[in-house]
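Letters A, B, ... are given to chains in the order of the sequence lines, protein chains preceding strands, and every chain is numbered from 1.
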Amino acid sequence: MQLQALPGFRDFFPADHTIRTHIFAAWRTVATRYGFEEYDGPPLEPLELYTAKSGEEIVGQLYSFEDKGGRQVSLRPEMTPTLARMVAARANGLRKPIRWFSIPQLFRYERQQRGRLREHFQLNCDLIGEPGPGADAEVIALAIDVMRALGLTAGDFKVRLSDRRILEALLRHRQQSDAQVAVWHQVLDKLARTPDAVSRQKLREAGVADADADAIMGLAQAKAWEPLAAPSLAAASASLLEVVRLLNVMGLGDYVEPDFTIVRGLAYYTGTVFELFDTRGELRAICGGGRYDSLVGAIGGADLPCVGFGMGDVVLGELLKDRGLLPSTDARLDVFVATVSEQDRADALALAHELRDAGLSVEYALAPQALNKQLKHADARGARCAVVIGPDDRARGEVQVKDLASHTQLAAKRTDAVGAVAALLAR
RNA sequence: GUGGCUGUAGCUCAAUUGGUUAGAGCGCCGCACUGUGGCUGCGGAGGUUGCGGGUUCAAUUCCCGUCAGUCACCCCA
């Protein structure tokens, strides 16, 4: 049996790693553009960090074990508890609001599916210390701009936006019991992929009156903001409507649509919740987030309101691939230095090093090789330019500088070789 | 964790009703090509047909198990 990566874990061959780097670069660029600072924490944490606040159901999905010191530990399944601890530890000394982002590798022990592995990288952006809707709009705009930076448009994805307080108000207004509320969450979460009759049946079994079911379903499935103006919802929806207004002002209105069926699995969300989906509905959520005003207090004692999101690299990568937006994964070399004879090798090494000192990516044949083989290799490596050094050139104090794309070649003084190459590459 | 489908070369795939030496394209290496690359031609390496067992004169093909992938559940960073 061959040794291979564990199920749900990935080997990143150079071509794969290029894609990963491409995504990370967009994440860092846009987060930095929004004034966010990068942080990180340990990939391995005490098990209690997650069992204490995330609920017992999540323990089954933790990649946890006992370490050699007898400690119960877990690979991190999410970044937010670590963030909450770090922020709480220095809460008094940090200027608010705090804008932090991280790109942690996260783990879960679960059977894998398309877009869901046992390991992935996730951009986490959190804005801490600002309770108002301005912060919510800011992080949502950040998520949208990450997608735009990768070449995706409003035709490719949408932000589905809601606020937990709206559903709560709906249910409270209709006096649903706690057990019924739980059923509602389940039903609404999978409404789009479930036949209507099945949903209705579930609600009936939970003792929800048909009249209540009609009313709540009707509002929950609304595809417009207008129903939020109803007097019974006005207080609960004021924040969300302001978030929408701000996004419109930023010019990002096209990317946002209402979806009051968004529930989000994590228990700690308290207000705004949102998810990013591909418009064709082929993939699972690309990004999810929302407001969690009590978590930092619960973990670290400091009472700080937060809003943030996580965006994973797996589904995002699938989407970019489907839309033909992946970067070229070919290696790009600036210069290949080729020799005609073994007597040219010393000059070739010296020149290659000068070119590397000038910041160029340079290769040469490590062992003696025919010139045509070297140039073929230069071509295969995607080099823009080749420098050929032979006995005749050396006798004249020259080198030949070739533009591999245009098949042109010109002689340059050996003393000016770096300048000649730089000039060619600048074209 | 439950169920369906699928496992053949590095990749994408062939192989007749079960039939004797498992093929092709791409990629890789070499030669034509001892001071000039993309093309072309020729050659080569690379497989325990995922693994284990069973049926059969004979298994890539049929059956069982197992591992892995995938899809749907459960659930969702």
Side-chain angles (χ1 to χ4, degrees), chain A residues 1-11 13 15 50 54-55 57-63 74-83 102-124 185-186 189-190 193-194 198 262-269 275 282-290 308-316 333 336 338-344 368-395 398-409 411:
Chain A
M1 175 174 165
Q2 280 190 338
L3 287 176
Q4 52 184 319
L6 290 168
F9 284 77
R10 295 171 289 175
D11 286 327
F13 288 87
Y50 308 110
S54 305
E57 320 110 8
I58 209 169
V59 175
Q61 291 185 23
L62 287 176
Y63 214 111
S74 175
L75 290 164
R76 58 187 175 195
E78 55 165 338
M79 198 58 179
T80 309
T82 301
L83 170 68
S102 189
I103 304 181
Q105 190 174 21
L106 304 178
F107 306 86
R108 69 146 130 228
Y109 199 90
E110 254 257 297
R111 182 174 289 205
Q112 64 169 315
Q113 279 180 48
R114 185 185 188 196
R116 185 169 71 174
L117 308 173
R118 285 185 172 178
E119 150 273 320
H120 75 153
F121 291 93
Q122 189 185 68
L123 170 67
N124 269 248
H185 281 173
Q186 233 178 43
D189 187 39
K190 51 190 66 169
R193 333 161 233 146
T194 310
V198 175
I262 297 247
V263 175
R264 300 289 299 152
L266 293 174
Y268 49 63
Y269 289 110
E275 295 184 338
E282 292 166 347
L283 305 169
R284 55 184 72 241
I286 301 157
C287 167
F309 69 83
M311 181 187 292
D313 71 314
V314 180
V315 176
L316 184 56
L333 202 60
F336 193 95
T339 56
V340 173
S341 72
E342 257 314 275
Q343 284 65 50
D344 309 316
Q369 221 175 20
L371 180 58
N372 67 353
K373 191 65 64 64
Q374 294 178 62
L375 290 172
K376 189 174 260 189
H377 188 74
D379 201 53
R381 298 286 283 125
R384 300 254 325 271
C385 161
V387 177
V388 180
I389 304 178
D392 302 345
D393 305 297
R394 282 191 291 119
E398 290 181 345
V399 297
Q400 302 295 324
V401 178
K402 275 178 81 71
D403 182 332
L404 288 169
S406 67
H407 290 250
T408 57
Q409 173 174 328

Inter-nucleotide C1' distance (B:rG3, B:rU8), Å rounded: 27 Å
Whole-Å distance separating the NZ atom of A:Lys376 from the P atom of B:rC39: 8 Å
Integer angstrom distance from the C1' of B:rG19 to that of B:rC26: 31 Å
G-U wobble or Watson-Crick pairing nucleotide for B:rU20 (cut-off 3.5 Å, both distances): none
Nearest-Å distance once atom P is located in both B:rA9 and B:rC51: 10 Å
Distance-only donor-acceptor test, A:Arg116 side-chain atoms vs B:rC75 base atoms, 3.5 Å: yes
Side chain of A:Leu371 - closest among B:rG35, B:rU70, B:rC75: B:rG35
Proximity to the side chain of A:Gln186 - top-ranked nucleotide from B:rG35, B:rC75, B:rU70: B:rC75
Any side-chain heavy-atom pair of A:Ile389 and A:Arg394 under 4.5 Å: yes
Minimum-distance nucleotide to A:Leu106 side chain [options: B:rC71, B:rA77, B:rA68]: B:rA77
Geometric cation-pi criterion, A:Arg118 with A:Tyr109: 6.0 Å, 45°: yes
Separation of B:rU36 C1' from A:Leu375 CG (nearest whole Å): 5 Å
A:Asp189 (side chain) donor-acceptor with A:Gln186 (main chain) under 3.5 angstrom: no
Nearest-Å distance for atom pair CG/C1', residues A:Leu316 and B:rA77: 15 Å
Salt bridge (charged side-chain N to carboxylate O under 4.0 Å, His left out) between A:Asp313 and A:Arg10, worked out: CA-CA 12 Å; A:Asp313 71 314; A:Arg10 295 171 289 175; 3.0 Å; yes
Sugar-phosphate only, base, or nothing, as touched by A:His377 at under 4.0 Å among non-hydrogen atoms: nothing
Sugar-phosphate only, base, or nothing, as touched by A:Gly382 at under 4.0 Å among non-hydrogen atoms: nothing
Pair assignment for B:rC62, Watson-Crick or G-U wobble, requiring both distances under 3.5 Å: B:rG54
B:rA72 phosphate, OP1 or OP2, under 4.0 Å from A:Gln113 side-chain N/O: yes
For atom CG of A:Asn372 and atom P of B:rU34, their distance in whole Å: 7 Å
Touch class at under 4.0 angstrom, heavy-atom based, for A:Asn124 against every strand present: nothing
Identity of whatever pairs with B:rG25 - Watson-Crick or G-U, under 3.5 angstrom: B:rC11
Length of the CD-C1' vector between A:Gln122 and B:rC76, whole Å: 11 Å
Working for side-chain contact (heavy atoms from CB on, under 4.5 Å), residues A:His120 and A:Gln122: CA-CA 6 Å; A:His120 75 153; A:Gln122 189 185 68; 3.8 Å; yes
A:Glu110 side chain, from C-beta outward: closest of B:rC74, B:rG35, B:rU70: B:rC74
Phosphate OP1/OP2 of B:rC75 contacted by A:Lys190 side-chain N/O (<4.0 Å): yes
Proximity to the side chain of A:Arg108 - top-ranked nucleotide from B:rC31, B:rC75, B:rC76: B:rC76
Pairwise C1' distance for B:rG18 and B:rC11, with rounding to whole Å: 29 Å
Out of B:rU36, B:rG35, B:rU70, whichever nucleotide has its closest atom nearest the side chain of A:Lys402: B:rU36
Position toward the 5' end of RNA chain B (nearest nucleotide), A:Met79 or A:Ala383: A:Ala383
B:rG35 - base-pair partner by Watson-Crick or wobble geometry, distances under 3.5 Å: none
Along RNA chain B (nearest heavy atom to each residue), the more 5'-positioned of A:Gly390 and A:Asp189: A:Gly390
C1' gap between B:rA59 and B:rC64, integer Å: 15 Å
Minimum side-chain heavy-atom gap A:Arg384-A:Asp403 below 4.5 Å: no
Same-atom distance (P) from B:rG10 to B:rC28, integer angstrom: 15 Å
Check: A:His377 and A:Phe336 side chains under 4.5 Å, non-hydrogen atoms: yes
Validation row: A:Lys402, A:Cys385 side chains within 4.5 angstrom (heavy atoms): no
Between B:rU36 (P) and A:Asp344 (CG): distance, integer Å: 14 Å
Pairwise C1' distance for B:rA58 and B:rG50, with rounding to whole Å: 23 Å
Distance-only donor-acceptor test, A:Gln400 side-chain atoms vs B:rU36 base atoms, 3.5 Å: no
Sugar-phosphate, base or nothing in reach of A:Arg284, heavy atoms under 4.0 Å: base
Distance in angstrom units between A:Glu398 CD and B:rU36 P, rounded: 18 Å
Base of B:rG35 paired with side chain of A:Arg394 (donor-acceptor, under 3.5 Å): no
Pairwise C1' distance, B:rC42 and B:rC62 [rounded to whole Å]: 42 Å
Separation of atom OH in A:Tyr109 from atom P in B:rG1, rounded to whole Å: 7 Å
